[in-house]
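Note that this is a predicted model, so its numbers are computed, not measured. Sequence positions, counted from 1, serve as the residue numbers for this chain.
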Amino acid sequence: MNIKNRIKELRARDKLTQQDLSEKVGVTRQTIVSLEKGSYVPSLLLAMNIAEVFQVPIEKIFFKGDGK
């Protein structure tokens, strides 16, 4: 399954570095890099934590294939 995300876009909106976001959600910067590249699918808990940081619903950040 191909899961895409808007993490990089939302980080830019909130002026957060990959390191800033990683510290807020309790993962390494490399995990954020992998998420942004689409090579890592987050756990539900991590997705929820990311959604909380950006204050948007999970489905506005993560989506299947080309749909938004």
Problem set entry | Residue pairs, two or more places apart or on separate chains, that pass salt bridge (charged side-chain N to carboxylate O under 4.0 Å, His left out) and touch residues 30-55 | Arg11-Glu36
Exercise. Which pairs with one or both residues in residues 16-32 pass salt bridge (charged side-chain N to carboxylate O under 4.0 Å, His left out), sequence neighbours excluded?
Worked result: none
Problem set entry | Cluster link Val27 to Leu44, ILVMFWY, side chain under 4.5 Å | yes
Exercise. If you round to the nearest 0.5 Å, how far is CD1 of Ile50 from CE of Met48?
Worked result: 12.0 Å
Problem set entry | Partner of Ile7 under side chain to side chain contact (heavy atoms under 4.5 Å, CB included), chosen from Leu35, Leu16, Val53 | Leu35
Exercise. Does Val25 share a hydrophobic cluster with Val33, counting links as ILVMFWY side-chain heavy atoms below 4.5 Å and allowing steps through other members?
Worked result: no
For this session: First locate atom NZ of Lys64, then atom CD1 of Ile3, and finally report the distance between them rounded to the nearest 0.5 Å.
Result: 7.5 Å
Problem set entry | Shortest non-hydrogen separation from Pro57 to Ala51 and the atoms involved | C-CB, 4.3 Å
Problem set entry | Cluster check Phe54, Val41: I/L/V/M/F/W/Y, side chain < 4.5 angstrom | yes
Exercise. Without hydrogens or angle criteria, can the side chains of Thr31 and Thr28 be said to hold a donor-acceptor pair below 3.5 Å?
Worked result: yes
Problem set entry | Interatomic spacing from CD in Glu9 to CD1 in Ile61 - rounded to 0.5 Å | 10.0 Å
For this session: Quick one: pull up CZ in Phe63 and CG in Asn5 and give me the separation to the nearest 0.5 Å.
Result: 7.0 Å
Exercise. Distance from Gln55 atom CD to Leu10 atom CG, nearest 0.5 Å?
Worked result: 11.5 Å
Problem set entry | Exam field: side chain Arg6 to backbone Phe62, donor-acceptor pair closer than 3.5 Å | no
